[in-house]
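Below is one structure; the comments refer to it alone.
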Amino acid sequence: MVPDRLLGAHDISTSDEMEELGRAIGSELAAGDLIVLTGPLGAGKTTLTRGIAEGMGVRGPVQSPTFVIARTHPSLTGGAPLVHADAYRLGDAAELEDLDIDLDGSVVIVEWGRGAVDAIADSWWDIEIERPVGEAGDAPEDLDLDAPRRLVITRVG
Ligand SMILES: Nc1ncnc2c1ncn2[C@@H]1O[C@H](COP(=O)(O)OP(=O)(O)O)[C@@H](O)[C@H]1O
Ligand SMILES: [Mg+2]
């Protein structure tokens, strides 16, 4: 479960802070929990997921799943695995269903999953990350520089 105290908006100043929030979330997750992650390229989706993986105690490394549809990170502590999926190149929701992800036995994070997870689940947490425009870090060459992000966590369903 993502605890209620973490619901709502978070202003995140650095990538370290993003990982720290991820660790706080990850340490509370259990098998059956599903998170949908939305945000533009470079928003920090993978950075957040890296923190979640650390908080869960699963094997890394967490990488952008762009070249695989889903990657499973087994637990290092006998807990639930993390399935990190990318719905970006899935044609439709049916293809997400075809992946046959073990939703009950894993923690599942689906990047770009909005509008697709409805096919496989009744409830989940929606996390949206925004990069404010016109801030430092806006130019492509500044992508790695610490810059503000706004993250909003909502319970759906
Ligand atoms: N406040 C912040 N939160 C998260 N990442 C940040 C922040 N400021 C700068 N960054 C940088 O932005 C990039 C985010 O990349 P990544 O997590 O791969 O994004 P995405 O998976 O959304 O495309 C990283 O290079 C990270 O260092
Ligand atoms: Mg990514």
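These numbers were taken from a predicted model, which means no experiment stands behind them. For this chain, numbers begin at 1 and follow the sequence in order. Remember, it's 1-based here, ligands and their atoms both numbered in the order they're listed. These values consider heavy atoms only, across backbone and side chains, with no hydrogens, waters or symmetry-generated copies.
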Exercise. Answer side chain, backbone, both or neither: which part of M18 comes under 4.0 Å from ligand 1, heavy atoms only.
Key: side chain
Self-check item: Nitrogen or oxygen of P148 less than 3.5 angstrom from that of ligand 1
Solution: no
Quiz prompt | Enumerated ligand 1 atoms positioned under 4.0 Å from heavy atoms of S13 | solution = 1 (N)
Quiz item: Counting N and O atoms only, with roles assigned by atom type, does the side chain of S27 sit under 3.5 Å from a partner on the main chain of A24, one being a donor and the other an acceptor?
Solution: yes
Self-check item: From I25 atom CD1 to L48 atom CG, the distance as rounded to the nearest 0.5 Å
Solution: 5.0 Å
Quiz item: What atoms of ligand 1 come closer than 4.0 angstrom to any heavy atom of L41?
Solution: 23 (O)
Exercise. Quick one: pull up CG in D118 and OG in S123 and give me the separation to the nearest 0.5 Å.
Key: 11.5 Å
Quiz item: If you measure from each non-hydrogen atom of L48 to ligand 1, which part falls under 4.0 Å: side chain, backbone, both or neither?
Solution: neither
Quiz item: Under 4.0 Å from any heavy atom of P40, which atoms of ligand 1 are there?
Solution: 22 (O)
Practice problem: Check whether any side-chain heavy atom of E95 sits under 4.5 Å from a side-chain heavy atom of I69, and report yes or no. | Solution: no
Quiz item: Are I35 and L151 in one and the same hydrophobic cluster, where Ile, Leu, Val, Met, Phe, Trp and Tyr link if side-chain heavy atoms are under 4.5 Å apart?
Solution: yes
Quiz item: Would you find a donor on one side and an acceptor on the other, under 3.5 Å apart, between the side chain of H73 and the backbone of R59?
Solution: yes
Self-check item: Distance-only N or O hit between ligand 1 and E111, under 3.5 Å
Solution: no
Quiz prompt | G42 near ligand 1 by a heavy-atom separation under 4.0 Å | solution = yes
Practice problem: Just jot down the ligand 1 atoms closer than 4.0 angstrom to any heavy atom of K45, in number order. | Solution: 17 (O), 19 (O), 20 (P), 21 (O), 22 (O), 23 (O)
Quiz item: Looking at ligand 1, does S64 have a heavy atom less than 4.0 Å from it?
Solution: no
Self-check item: Check: A31 main-chain N/O paired with D104 side-chain donor or acceptor under 3.5 Å
Solution: no
Quiz item: Do we see a donor-acceptor contact under 3.5 Å between the side chains of Q63 and H84?
Solution: no
Exercise. Would you kindly specify which portion of L145 sits under 4.0 Å from ligand 1, judged on non-hydrogen atoms: side chain, backbone, both or neither?
Key: backbone
Practice problem: For a side-chain contact (heavy atoms from CB on, under 4.5 Å) with R149, tell me which candidate from E130, E17, M18 qualifies. | Solution: M18
Self-check item: Contact check: G39 vs ligand 1, nitrogen or oxygen atoms, below 3.5 angstrom
Solution: no
Quiz item: Taking N or O atoms only and a 3.5 Å limit, does G44 qualify as a polar contact for ligand 1?
Solution: yes
Practice problem: Examine T46 and say whether one of its N/O/S atoms is closer to the Mg ion (ligand 2) than 2.8 Å. | Solution: yes
